[in-house]
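Some notes on the structure that comes next.
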There are 2 protein chains.
Amino acid sequence: MDQERPVKLSDISKALNLSVSTVSRALNDSHEIGDETKRIVQSYAAKVNYRPNLIAQSLKEMKTRYIAIIVPEISNSFFAEIVNGVEFVANSQGYHVVIYQTQDSTEREINIIRDVARRKADGLLLSPSTNQKEVKEVMKSTGAKLPVVYFDRVPSDNYCHKVVCDNYQAAFDATTWLIKQGKRRIAHMAGPSGISISIERMAGYSAALLNAGISVDPNLIRYSNFLAQEAWDNLRDLEEKYQPDAYFASSDRLSFYCYEAVQKLPEPRASEVKIVGFTNAPLAHLLRPKLSAIVQPAFDMGKIAAEMLLNTITKKNKDIEYGFIKLPALLKNTE
Amino acid sequence: MDQERPVKLSDISKALNLSVSTVSRALNDSHEIGDETKRIVQSYAAKVNYRPNLIAQSLKEMKTRYIAIIVPEISNSFFAEIVNGVEFVANSQGYHVVIYQTQDSTEREINIIRDVARRKADGLLLSPSTNQKEVKEVMKSTGAKLPVVYFDRVPSDNYCHKVVCDNYQAAFDATTWLIKQGKRRIAHMAGPSGISISIERMAGYSAALLNAGISVDPNLIRYSNFLAQEAWDNLRDLEEKYQPDAYFASSDRLSFYCYEAVQKLPEPRASEVKIVGFTNAPLAHLLRPKLSAIVQPAFDMGKIAAEMLLNTITKKNKDIEYGFIKLPALLKNTE
DNA sequence: TAAATTTACGCAATCGTTTGCGTAAATTAA
DNA sequence: TTAATTTACGCAAACGATTGCGTAAATTTA
């Protein structure tokens, strides 16, 4: 039953003295093939372990039955959980998921999008590190009609599918909690300015301060891109000049940079400065002193994003209706 | 320059009054096309943003220019780093990497291997959660001649490409270090029995004990599969009955289960029991008390595995020469 | 019983490329 | 000047599957 090369339809057709088209239809259980013939073909195909060549199928049908997801990095637990949610839904509907990493490089991101288009993925889940306009340009220039669902970092307009968590509320809650702990000089380690998550988290942070009668001090707000050096420089500068009594960190990485920097401070500051940050890392709750965490419902975000994408892929009526889902994020590990 | 659907060769050929074959050859810089024609075709193709359809190319050439990597889970830093190493090499050679997760399910693993074969990946990097024999069976039944490089968990025979770290030495060093810390009742939390890494790490652990004149106590050795519950049960049982003074954990997950279990113990045990475990998690070094870590050179393992795979893919002479690379792993975070 | 319909299959085009082969025209060699 | 070669292109098959259409034979209908 083993063979040297994959069995194809014409192998079966020759062996059974049937035409290729009959074999194809028999395997696809077409009504225009006799029951007896079907039985013969199907059992023979099973015996020789026939598997349709997916490339040929894809070329014919102009469908690949796979969706792509582009994330900054897979080792980030937040994105890993999203991927898991996506796979959960996609696999259950017979789709495969191809994961791409941009490592937060615009160049890589654009190349990947081009490649996804050329390989004719049926859809794309995207959390762009890049300028939104540029992404849409690239997408258009491929000429592909590639359905896209944005998640986490999303465009500001309403002409696209989006899945996010309630960044504003989460940032508000986190900052408010720090204030309740008696903190007043709360630094905000923000991600790159200009992208949706940074803007919303900043807004929540500011609102919480103002709500508590604390004015927003621009000196305590630092934007960092994805390079570790920039974050470290910001942290050192903050410690030297302003000595905040708490940090609110806007991403997984920034949370850990903050945590590490604070732990290196001399006591008693090291154990007095409180930190709360966005993170889905399962190890975070093992840290002492605690790193309080805003945990996003990443798995669900992935599930929902995949469902939206597959819906638009398989939809018959072409009138698009853009979806915008916002899920709550929870503050955890606050003793 | 934008268009509604992707431009294909025949679009260009019509627009320029040339045959499709001439256009194809011109774009591929064939010597049998005049310089002037080439210039015209290439500039027009650039103008209309022509990108070859990779599915059609793949079907024609029976090559897809992508390789697959199958890992238990991507959120595990060890595997994430391996993937990064693989992508580093593969991308530089024009290959794309498709990542699959088995979540340590045999069923998923087999389905994925089948799918990889059907989609005609040019090669496969595999760290099987599954019975080796079964994996080879499945591979054979697809009829695909799919080059494979195993990494981390590898078959015992020498008729395949393998990349591993020196598990024996690392386990020996880790155990020896614990002994030097004055520990005698060192428990070993091992992974599933029967797979290469478990066997080798167990051997290193035993050798270190014997080397120090300590007999190996089977009660202190616990095999756990990938389910958290099993590990927790083992840990509770160990604590109730034997109260080891140190733990040597054989994987990322087991390390953290151990760490968490120990931290929950009443003092002074919680701070006296020492733990050393295999982990590549960047957060591990932030833990206090320390979690000493055996760090595998995951990025390099990924690079080497990808190089081996791409070599066998692109090799002209068909006589296979199997490679077996073993890299050292380092004990870190031991103050 | 003749006509209409259904059943069960084969032929050939198609998806978008690549490539072996054929062939005029242009060039070189004899 | 004629023959041999090279240049520069087009035709058509191929990769492996799906599918519209055509058509004998079998069945049903009038």
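Side chains are part of it too, since the values below use all heavy atoms of this structure and drop only hydrogens, waters and symmetry mates. On a predicted model such as this, the values are computed, not experimentally measured, just so you know.
The distance between atom CG of A:L54 and atom C1' of D:dT18, rounded to the nearest whole Å, is 14 Å. The separation between B:E61 atom CD and C:dG20 atom P is 12 Å, rounded to whole Å.
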Between the protein and nucleotides 26-29 of chain C, list every N/O to N/O distance that falls short of 3.5 Å.
none

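Here B:Y50 does not reach the OP1 or OP2 of C:dG16: none of its side-chain N or O atoms lies under 4.0 Å away. Residue B:N28 places at least one side-chain N or O closer than 4.0 Å to OP1 or OP2 of C:dT18. Between B:Q57 and C:dG16 there is no side-chain polar atom (N or O) within less than 4.0 angstrom of OP1 or OP2.
Heavy-atom distances under 4.0 Å link DNA chain C to B:L9, B:V20, B:S21, B:S24, B:R25 of residues 9-25 of chain B, given in residue order. For DNA chain C, none of the residues of residues 31-41 of chain B falls under the heavy-atom distance limit of 4.0 Å.
B:T64 places none of its side-chain heavy atoms less than 4.5 Å from the side chain of B:R119. Side-chain contact between B:E109 and B:Y100 is absent, with no heavy-atom pair separated by less than 4.5 Å. Here the side chains of B:S127 and B:F79 are in contact, with some heavy-atom distance below 4.5 Å. Looking only at side-chain heavy atoms (C-beta outward), A:Y50 and A:V23 stay at 4.5 Å or farther from each other. Within the 4.5 Å cutoff, side-chain heavy atoms of B:Y95 are placed close to those of B:L310.
When the local axes at the two ends of the helix from C:dT1-D:dA30 to C:dA30-D:dT1 are compared, using 5 base pairs at each end, they differ in direction by 50° after rounding to 10°.
With rounding to the nearest 0.5 Å, the separation of CD1 in B:I74 from CD in B:Q103 is 8.5 Å.
Looking only at distances, a side-chain donor or acceptor of B:D122 sits under 3.5 Å from a matching main-chain atom of B:R65. Between the side chain of B:D115 and the backbone N or O of B:N111 there is no donor-acceptor pair closer than 3.5 Å. Here the side chain of B:K162 pairs a donor or acceptor atom with the backbone of B:D157 at under 3.5 angstrom. Judged by distance alone, the side chain of B:H161 and the main-chain N or O of B:G323 form a donor-acceptor pair under 3.5 Å.
Residues forming a ring-ring contact (aromatic ring centres under 6.0 Å, His included) with A:F324 (at least two apart in sequence, or on another chain): none.
Base engagement by B:K60 is indicated by at least one non-hydrogen atom pair under 4.0 Å involving a base atom.
Every pair passing side-chain hydrogen bond (donor to acceptor under 3.5 Å, both in side chains) that includes a residue from residues 7-18 of chain A is listed here, sequence neighbours excluded: A:R5-A:D11.
Remark: B:F88 CZ is loosely packed, at most 12 non-hydrogen atoms of other residues, nucleotides or ligands lying under 6.0 Å away.
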